[in-house]
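A short write-up of the structure that comes next.
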2 protein chains.
Amino acid sequence: MIHGRVRTLPPRIDIVREGETPHIMRLMLSGWAYRYKQLPDGRRQIVGFFLPGDICDLHLSILESMDHSLASITQIELAEVENDMFEAVIATSPTLKSAFWWDNLITIATLREWALNLGQRTALERIAHLLCELYTRLEKIGAAANQQMEFPLTQMDLGETCGVSTVHVNRVLKELRLDNLICLEGRLLSFPAMDRLKDLAAFDPRYLHLGSRGR
Amino acid sequence: MIHGRVRTLPPRIDIVREGETPHIMRLMLSGWAYRYKQLPDGRRQIVGFFLPGDICDLHLSILESMDHSLASITQIELAEVENDMFEAVIATSPTLKSAFWWDNLITIATLREWALNLGQRTALERIAHLLCELYTRLEKIGAAANQQMEFPLTQMDLGETCGVSTVHVNRVLKELRLDNLICLEGRLLSFPAMDRLKDLAAFDPRYLHLGSRGR
DNA sequence: CGAGAAGTTGAAGCGTGTCAAATGCAGTGG
DNA sequence: CCACTGCATTTGACACGCTTCAACTTCTCG
C-alpha cells in the first residue's frame, strides 16, 4: 500500500488546471471526478471519469505541463503521493509496477472505445453506452449492484462527455425513460432492462479488461 | 537498439485482428498503418495512425485479447520482437523503459485530443486538425518538410477517422481547397497557408509532447 | 421562502447523412 | 495500345438528427 497525504475537496471545483506542471500522483479514495479538455472558444469535452480506486495522473510528471484539467463532481477524497516517493515505491515492488502498467493500458483501451463512441454511435447509443460503462465500473468496485447506482452527473456533464447539446441529452434521456430502459428517481439511477440497454449501445465490456488488476 | 525479425507487408491488409492474443511487440520501420475498432453492424472507427518509428502494441500482451485491429495503409516494414525478449531488454535498460513510458503517455494524450476532436469540433475543423497532426508528426521524424507531405489516405480513411461520411469528407476537402488551405496533387499534399489552417483547427501541438523522447 | 441551478419543452434552422448517378484513375488482359 | 474492370472521387437532391434559442417548470439548498 502506498501512503501519502489525504485531501478532501468539495464538489464542482477544478483540482488541476491545464498548463500546470504536475508533481504529484493522485489516487481517488471516494467520490466522482473527471478529466476535461477545452477549445479556445470554450467548447468542453470530458475525456474520462475517475471513480474510487482510480489513479488520476500516473507518471504524468514526465510531461512538462498538463494538456487538460481535472475537476470534482461530488465531494471527493484524494490520496496524494509525491513523485519522488512514488518512484521509490514502484522501484521496489514489481507487483505495483505492473499494476500501474495495467492502469495505463486500460486508460488507453477506454479512450479508444470513447473514440468509437463519439465517432460512430448516435446520441442515443452514446449515452446508453456511457451509462453501461459507468455501471459496470461501479459494480466492479462494489459501489453499485442490482442494476442500480448513485448518479451524480448533470445533463450538461453527459452532453460534454458524449459531444451532444444539453437539450438533446434531455430528449435522449426521455426516450430511454419512455422505452423503460432507465429509471431516474432523484440521484438514483436504475436499469429495468439492462440487457436491452447493452444491446442498444452495442456495449461489450471487454475493453475494460476487468479480468485481473493489481492494487 | 532492439533486434528482431523484420517483416514486409503489402498495402491494405489486416495485420492483427480483434480477438487475437498478442504475443509480440511491433515497431514501424516504414510506411503507414492504423488501428481501428468496429461496431457489430460494421461501422468502423480509426483510433490511431502508425508512422515510421511508432510502436504498435506496447505491452499489450498483458491483456488477454485484442479489443481492436491493425491494418496497413501503404506497404510497410515491421520489426517484430517476442515479448519475452522484449521484457528482458527493458529490464536491463532504464533508458528504454522510460522511453516506453513516454510512448504510452503520448498515445494517451493523443487519444484525449481525438476525443476532443470527435466530440466538439465540426467536420471541417476535425479534418483540418487531423491534417495538422499528421504533418507535424511526419515533420518530426523527417518524413515531411516545407508544408508538403506524401498523403496515402483515402477519403474513406479520413471519414472513418473523423466520424464523418465519405461524401461529406469530399465536400470538406473541396472547401479547404477553395479556401486555399490545402493543395492535393496526386498523392502529394501541401499547405499553402499552414497558419490559417492551424487557426481554423485550433491546433495546439502541445498534446504531442514533442519536446523530448527516447529511442 | 427565495434564488440560482438543473431539467423540460416547442419551433425553427443548419450540418451532415443518405441515395444515386457520373466522372476520373490505375491496373489487367486481350 | 486499348477496352475493361474496379475503386476512389465528385456532385446534386433530399431527408433527418441534432443544435440553437427561448421560455417555462422543477428541484436544491441556504
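Being a predicted model, the structure only gives us computed values, none of them experimental. Proteins get letters first, then strands, A, B, ... in listed order; numbering begins at 1 in each. Only this structure's heavy atoms are used, side chains among them; waters, hydrogens and symmetry mates stay out.
- Along DNA chain C, the stretch of nucleotides lying under 4.0 Å from any heavy atom of chain B spans, 5' to 3', C:dT16 to C:dC19.
- Evaluation of the side chain to side chain contact (heavy atoms under 4.5 Å, CB included) rule for B:Val167 yields B:Ser165, B:Arg171 as partners, not counting sequence neighbours.
- In this structure, B:Asn170 reaches the D:dT10 phosphate: one of its side-chain N or O atoms is under 4.0 Å from OP1 or OP2.
- Judged purely by atom type and a 3.5 angstrom limit, A:Arg112 has no side-chain atom pairing as donor or acceptor with the backbone of B:Asp67.
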Using residues 143-155 of chain A as the side-chain source, report each donor-acceptor pair under 3.5 Å to any protein atom, sequence neighbours left out, with the distance given to one decimal.
residue  : atom : partner  : partner atom : Å
A:Thr154 : OG1  : A:Met156 : N            : 3.3
A:Thr154 : OG1  : A:Asp157 : N            : 3.0
A:Thr154 : OG1  : A:Asp157 : OD2          : 3.2
A:Gln155 : OE1  : A:Asn170 : ND2          : 3.0

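- The CD-C1' distance, from A:Glu175 to D:dC16, rounds to 14 Å in whole Å.
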Tell me, for nucleotides 19-30 of chain D in 5' to 3' order, what letter each nucleotide earns: B for a base near a protein heavy atom under 4.0 Å, S for only sugar-phosphate near one, - for neither? BBB---------

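- For the pair A:Ser72 (side chain) and A:Ala33 (backbone), a donor-acceptor distance under 3.5 Å is absent.
- One atom, CG of A:Leu124, and another, P of D:dC18, lie 8 Å apart when rounded to the nearest Å.
- An angle of 40°, rounded to 10°, separates the two end axes of the helix from C:dC1-D:dG30 to C:dG30-D:dC1, each defined over five pairs.
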Quick one: side chains of residues 190-199 of chain A, donor-acceptor pairs under 3.5 Å with protein atoms, not counting sequence neighbours, listed by atom name and distance.
residue  : atom : partner  : partner atom : Å
A:Ser190 : OG   : A:Cys183 : O            : 3.4
A:Arg196 : NH2  : A:Asp179 : O            : 2.9

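- At the phosphate of D:dT10, neither OP1 nor OP2 sits under 4.0 Å from any side-chain N or O atom of B:Lys174.
- Scanning for side chain to side chain contact (heavy atoms under 4.5 Å, CB included) contacts around B:Thr107 gives A:Ile108, B:Asp103, B:Leu111, with sequence neighbours left out.
- Shown for residues 152-159 of chain B: residues whose heavy atoms fall under 4.0 angstrom of DNA chain D, namely B:Thr154, B:Gln155.
- A search for side chain to side chain contact (heavy atoms under 4.5 Å, CB included) contacts involving A:Glu18 returns A:Ser69, B:Arg206, not counting sequence neighbours.
- Screening residues 161-180 of chain A for ring pair (Phe, Tyr, Trp, His ring centres under 6.0 Å), with sequence neighbours left out, gives no hits.
- Note on residues 120-130 of chain A: pairs passing side chain to side chain donor-acceptor pair (under 3.5 Å), not counting sequence neighbours, are A:Glu113-A:Arg121, A:Glu113-A:His129, A:Asn117-A:Arg121, A:Gln120-B:Gln45, A:Arg121-A:His129, A:Thr122-A:Glu125, A:Glu125-B:Arg43.
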Candidate pair B:Leu158 and B:Val172, rule side-chain contact (heavy atoms from CB on, under 4.5 Å), full reasoning: CA-CA 11 Å; B:Leu158 286 173; B:Val172 165; over 6 Å; no

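- Among residues two or more places apart in sequence or in another chain, the salt bridge (Lys or Arg N to Asp or Glu O under 4.0 Å) test is passed with A:Arg44 by A:Glu160.
- Within a 6.0 Å radius of CZ in B:Arg17, no more than 12 heavy atoms belonging to other residues, nucleotides or ligands are found.
- Remark: aromatic rings of B:Phe86 and B:Phe100 are close, center separation under 6.0 Å.
- At a threshold of 4.0 angstrom between heavy atoms, the contacts of A:Arg177 are confined to the sugar-phosphate backbone, with no base atom among them.
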